[in-house]
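This report concerns only the one structure given below.
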Amino acid sequence: GLGLSHKKDENFGEWYSEVVVNGEMIEYYDISGCYILRPWAMSIWEIMHNFFDAEIKKMNIKNCYFPLFVSETVLQKEKDHIEGFAPEVAWVTKSGETKLDVEIAIRPTSETVMYPYFSKWIRGHRDLPLRLNQWCNVVRWEFSNPTPFIRSREFLWQEGHTAFATKEEADTEVLDILELYRRIYEEFLAVPVIKGKKSEHEKFAGGLYTTTVEAFVPNTGRGVQGATSHCLGQNFAKMFEINFENEKGERAMVWQNSWAYTTRTIGVMIMVHGDDKGLVLPPKVASLQVIVVPVPYKDADTQGIFDACASTVKSLNEAGFRAEADCRDNYSPGWKYSHWEMKGVPLRIEIGPKDLANKTVRAVRRDNSSKSDIPMADLTEEVKVMLDNIQRSLFDAAKQKRDTCIQTVYNWEEFTEALSQKKMILAPWCDEEEEEKNVKAKTKGEMGAAKSLCSPFEQPELPEGTLCFTSGKPAKKWTYWGRSY
Ligand SMILES: O=C1CCCN[C@@H]1CCCn1cnc2ccccc2c1=O
């Protein structure tokens, strides 16, 4: 029957698994770590895609499509790029009964697929900047506990790969893209994120530096890397000989970036906003923003009620809202209320005999269950105001909740206490990789070790003489720490 059998604050893992299925986002698949994305999820991916794709087109970034398959030689091209990742690479070893004499990898990411051709295409400075993006799937055969959207063996993403003549251009683009990722989280998914730089230990080993937008899931006290924008420096240019004749006629290597966001974004949104009645969708990404439900009464003017529902949907659609009516005669209004609440539709409109008589409709917000009667004459203006209010209050509530989870600490005792309280920890750090490894070693446990999440671009004041929370050495920067997904 309807309703969740687990509460979000009591059994988060079970709650999440049930919400994604009951909300008709996900269907579990018979291969572990693989999930079916149903239309209710796919439409969110499409809405974000439409925003991001339009924005990168404004930046003159072109979409392309490279093959799914990577040859072994090119994948092994550079040890420290692939080191540590190798166990996750999936391989094609045969076709039919015939063993392949050379095994072929399935792309886990596309640097090694693309960059031999960057080398071929980039000859002179007029070939720069080269800025390509592809929307595709990637496969990483992970073994840690699979979670729909958050950690799966195949996922959808966009991966941008760009090459510039100068480091300055690359540095600028890294931050331009990171701002788009912030907008995806904060303006569309209503999820607050922190922009920052990954530590040397946590960054992409093949790159120069990694920037990130970090989200946080209060229920589990885990940080989650929302999206990444890397400056690769000239590392891949050296590896794949991607160089050009600069304006002074000298041979120079290009400066490169690569950046991605994935279907993980959807899982973060569900974890942050969902409640014990199911999904709660921010209007900006809701495939259905308004559901209109007729409330017929035995001998009341049923046709009039259905006509009012149809004209309400028509007006809302004409005003640009994604609205539908649920006129199925085999379900009660009450059943429909629960069903669409489970699916997280931001606004419900009920129309019964009284509403018809008063020429009003009853509007019910999904986020706070508040009800209000709207004159039919003011419908579209009022719905716009309500949807904007829902979007903003979802973000404000999530930010307030996330901020209460942030704890500033100055020493190891405070750190471990905050960690046990599932906090996102802000601490002064000496920025030494060895010390980060020590923190991981000292916090190992079945909940997973603590790690650095990012050093925020917005650095609080660091008074002279402040010591590192873990090493006691002079602190160099404020850094967020916590367990993570
Ligand atoms: O994040 C991004 C943004 C998009 C393009 N790729 C970069 C870096 C990917 C890092 N990575 C991540 N998992 C992997 C798994 C197997 C092999 C290689 C890799 C690998 O290189």
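In each ligand, atom 1 is the first atom listed, and ligand 1 is the first ligand listed. Predicted, not measured: the structure shown is a model, and the values here were computed from it.
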Those residues at least two apart in sequence (or on a different chain) that pass side chain to side chain contact (heavy atoms under 4.5 Å, CB included) with Ser484 are Lys451, Leu453

Do any pairs count as a side-chain hydrogen bond (donor to acceptor under 3.5 Å, both in side chains) and have a residue in residues 423-441, sequence neighbours left out, and if so which ones? Ser199-Glu436, His201-Glu433, Glu202-Lys440, Asp431-Lys477, Glu432-Lys473, Glu434-Lys437, Glu435-Asn438, Glu435-Lys473, Glu436-Ser452

Any N or O of His230 that comes nearer than 3.5 Å to an N or O of ligand 1? yes

Could you list the atoms of ligand 1 found under 4.0 angstrom from a heavy atom of Thr228? 1 (O)

Are Phe415 and Phe469 close enough that their ring centers fall under 6.0 Å? yes

At what distance is the nearest protein heavy atom to atom 4 (C) of ligand 1, and which residue and atom is it? Ala260 CB, 3.5 Å

Under a 4.0 Å N-O cut-off, is there an ion pair linking Arg131 with Glu173? yes

Please could you name the atoms of ligand 1 that Ile82 approaches to less than 4.0 Å, counting only its heavy atoms? 17 (C), 18 (C)

Atom 13 (N) of ligand 1: which protein heavy atom is closest, and how many Å away? Arg140 CZ, 3.2 Å

Give the atoms of ligand 1, by number and element, whose distance to some non-hydrogen atom of Pro108 is under 4.0 Å. 15 (C), 16 (C), 17 (C), 18 (C)

Going by the side chain to side chain contact (heavy atoms under 4.5 Å, CB included) test, name the single residue among Val217, Val191, Ile194 that passes it with Arg402. Ile194

Is any side-chain N of the basic residue among Asp388 and Arg392 closer than 4.0 Å to the acidic one's carboxylate O? no

Does Lys7 count as lying over the ring of Trp15, i.e. NZ or CZ under 6.0 Å from the six-ring centre, within 45 degrees of the axis? no

When only distance counts, is Thr109 in polar contact with ligand 1, meaning an N/O pair under 3.5 Å? yes

Glu111 heavy atoms, cut-off 4.0 Å: which ligand 1 atoms fall inside? 5 (C), 6 (N), 7 (C), 8 (C)

Considering only non-hydrogen protein atoms, determine which one is nearest to atom 21 (O) of ligand 1 and report residue, atom name and distance to 0.1 Å. His81 NE2, 3.1 Å

Under 4.0 Å from a heavy atom of Glu88: which atoms of ligand 1 are those, numbered in the order shown and with their elements? 15 (C)

